[in-house]
Amino acid sequence: MYSKQEQAHFNDQTKSLLAQKDHIKVEQLNELRAALVYHEWRYYVLNQPLVADFEYDSLYKVLEKIEGDHPQLITPDSPTQRVSNDLTSDFNSVPHLVPMLSLGNSYNLQDLQDFDTQIKKLGMLGEGDDVAYSVEPKFDGGSVAAVFENDLLVRGATRGNGSEGEEITNNIRTISSIPLKAAFSKHNIHKVELRGEVLIQKENFKKINTQREEEGLAVFANPRNAATGGLRMKDPKEVTKRGLVAFIYQLGLAEDEKGEDQLKKFTSHAQGIELLGSLGFKVPTAESKLCKNIREVFEFCKYWEEKREDYEYEIDGMVVKVDSLALQEKCGYTSHHPRWAIAYKFKAKQATSTLLNVEYQVGKIGSITPVAKIEPVQLAGVTISSISLHNEEFIQSKDLRIGDRVLVERAGDVIPYIVKSLDDARTGSEEPIKFPTACPSCKTELIKAEGEAAWRCPNFSCKAQVLQRMIHHVSKDAMDIDGFGKSYVERFYQMEYLTSFADIYRLPYAAIARLEGFGEKSVKKLEAAIEKAKSNPIYRFLYGLSIHHLGKKVSKIIAENIEHVLDLQNWTLEDFTNLKDVGPVVSQNMIEFFAQPANIELLKEMESLGVNLKQTDADKPFEVAEDAPLSGKSILFTGSLQTMGRKEAQEKAKQAGARNVSAVSSKLDILVVGEKAGSKLKKAQALGTVKIYTEEEFNALFE
Ligand code: IVH
């Protein structure tokens, strides 16, 4: 949308606007608007913001102020005249039942006190009166609206431009913290629109990125991007894999059957949230507080600012809401935000440093990761000196150069991140970053596969890769050799005790016992752990080979289907792809691995050192006895079960020999009905061929 020149122009202009932000004049109104529109595009469309949130906010506030002073100058396309936008053409647009507004921002006690004063004015209260506020975290994810009608979840939508969003019902339905059915009708509510935020746990975010890095895919900059990206994926099955969670924090609309407003029957915000909690929604009860006055609000915000690191989700501030709904009504709304609520934004964990150098790390499948070495800086209590730059494209998109001053950020306790270089500080002596064309370790020319973000070293014997593969081989998920950590592998590798996988199983224990930091006892322990690992099931062994795209799951599937690892020498591409869940890419990689004589030699060498290559009981598929109670039957659970969860029930049925299916058809043998079973039960009854069990009857099969 913007040419390179235009972008350069807006970047310069933003700098000068920020520098003079307290003195911007009415004459600069258009310039200011154009710059804000440009940064919205960078943020929402490209997902590559160039300015920090607080910088954008400060310019936005200036615009609001000028427009407030000169309302006749407001144009319909001014950034203040709409709320931000995440619409694309991929999903259907749907209008929200009630517009989803934004929030005003505050950054300190003074801002909060100004807000409190304003509320008192709007509510016609005295200066000395206290207003009670409901204060809850400002979750940093993707906002959604969920509509329930007749107790059923009928629609889910993103926030979009505030008036309309994208219809993502199927994806919302995969989020387990949103019930598909909730008893609103018991409270005379027929139709309701709920607002909430969809998030990913920080821990889960790290796992997703590690896996993406392994697969050569671009990593997410932060949990928010991973969550909002997840919401807008085409395949709901893929959405499920992201492990999304939704906090509900607001009732947008509630009506009875005649369309009469039912929000009126609540007296406070907290009451509405409590109802939602009792109906099975995830609400921020434990995280929020009803504060007696604005002082208490400030204390609570400070308390959370400290605690934010340890909290399992990303939050970027607190939301302060007038608790009384009567007072909320008196306050009303602007076109942009409710006057009865404000966000208290935490200080961004940002600092500036100098980019000293870029080093290139080689991963276990040869992926090259550029790592920025920066002058050490303190960021939220941690000293940071290295930051991953992910891949070549990341460096290019930020136009980073050696010697640049850079803005560094840590969102939550997640990995630090380079936001941008500070072009203003450039002296002209900065050097462009030259991404290598050859492997930094073995000098082999790098390659890049279609659809992958990473350059890779294709040399399987590359020393740097061998080291990474050995670290992976002994790790918990692979051969799980207790006490054999990364630092041992590195040390033994440097001493040349370790040059290949085989060496792991013939370490010179006597010599190691004489090394500094080792003793008889610790070496004996290491030896015992290695000896034990020799008889591991072969799925661990296969996974430990670090074959590109061969994950834990496929390793297990393959292990189920072979008697000996070396059988794979004779497998064809079809033999692999015929297995369920084994794709053509990993199959081809397997074929290539087992076609290399050197690899076969290595496997044989390991076997001669006592490493098990034969299928063990732990590798075998789970077998069901012929007399198992549900052997060969297809089964489906419907309605809500009382004595166990749905997953648990399905697992129980599987263990008893049944196959779980997802729909009622003439092929279905058994339908187990829990409480409030609906159309599935009716359909099964109509078919007349399906055996219908209550939960009790199902459980009795196992007694
Ligand atoms: S209340 C009408 N509560 O912050 C009230 N919003 O800038 C408006 N957000 O996109 C929202 N946590 O998705 C509210 N506890 C919370 C929130 C919250 C996060 C998001 C919301 C919106 C943005 C407002």
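Counting convention: from 1, in listed order, for ligands and their atoms alike.
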- prompt: Picking from Ile119, Leu112, Asp116, what satisfies side-chain contact (heavy atoms from CB on, under 4.5 Å) with Ile342?
  reply: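 One option only clears the test, and that one is Leu112.
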Which atom pairs, nitrogen or oxygen on both sides, join ligand 1 and the protein at under 3.5 angstrom?
{"from": "ligand 1", "atom 1": "3 (N)", "to": "Lys321", "atom 2": "NZ", "distance (Å)": "3.0"}
{"from": "ligand 1", "atom 1": "4 (O)", "to": "Lys138", "atom 2": "NZ", "distance (Å)": "3.3"}
{"from": "ligand 1", "atom 1": "7 (O)", "to": "Leu103", "atom 2": "N", "distance (Å)": "3.3"}
{"from": "ligand 1", "atom 1": "10 (O)", "to": "Ser143", "atom 2": "OG", "distance (Å)": "3.3"}
{"from": "ligand 1", "atom 1": "12 (N)", "to": "Phe139", "atom 2": "N", "distance (Å)": "3.0"}
{"from": "ligand 1", "atom 1": "13 (O)", "to": "Ser143", "atom 2": "OG", "distance (Å)": "3.2"}
{"from": "ligand 1", "atom 1": "13 (O)", "to": "Glu197", "atom 2": "OE1", "distance (Å)": "2.6"}
{"from": "ligand 1", "atom 1": "13 (O)", "to": "Tyr249", "atom 2": "OH", "distance (Å)": "2.6"}
{"from": "ligand 1", "atom 1": "15 (N)", "to": "Glu136", "atom 2": "OE2", "distance (Å)": "3.0"}
{"from": "ligand 1", "atom 1": "15 (N)", "to": "Pro137", "atom 2": "O", "distance (Å)": "3.0"}

message: Tell me if the aromatic rings of Trp304 and Phe346 count as close, with their centers under 6.0 Å from one another.
response: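 No, ring centres 6.0 Å or more apart.
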query: Cation over ring, Lys282 on Phe247, under 6.0 Å and within 45°?
result: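 Flagged: Lys282 positioned over aromatic ring of Phe247.
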Atom pairs and distances, donor-acceptor, side-chain atoms in residues 317-324, under 3.5 Å, two or more places apart:
{"from": "Lys321", "atom 1": "NZ", "to": "Glu136", "atom 2": "OE2", "distance (Å)": "2.5"}
{"from": "Lys321", "atom 1": "NZ", "to": "Tyr249", "atom 2": "O", "distance (Å)": "3.0"}
{"from": "Lys321", "atom 1": "NZ", "to": "Gln250", "atom 2": "OE1", "distance (Å)": "2.8"}
{"from": "Asp323", "atom 1": "OD1", "to": "His269", "atom 2": "N", "distance (Å)": "3.4"}
{"from": "Asp323", "atom 1": "OD1", "to": "Ala270", "atom 2": "N", "distance (Å)": "3.1"}
{"from": "Ser324", "atom 1": "OG", "to": "Ala326", "atom 2": "N", "distance (Å)": "3.3"}
{"from": "Ser324", "atom 1": "OG", "to": "Leu327", "atom 2": "N", "distance (Å)": "3.0"}

query: Just checking, is any N or O donor in the side chain of Asn105 or Tyr60 under 3.5 Å from an acceptor N or O on the other one?
result: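 Distance-only check fails for Asn105 and Tyr60.
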task: Provide the closest heavy-atom pair for Phe220 versus Arg242 in the form atom of the first, atom of the second, distance.
output: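 That closest heavy-atom pairing would be CZ-NH2, 3.4 Å.
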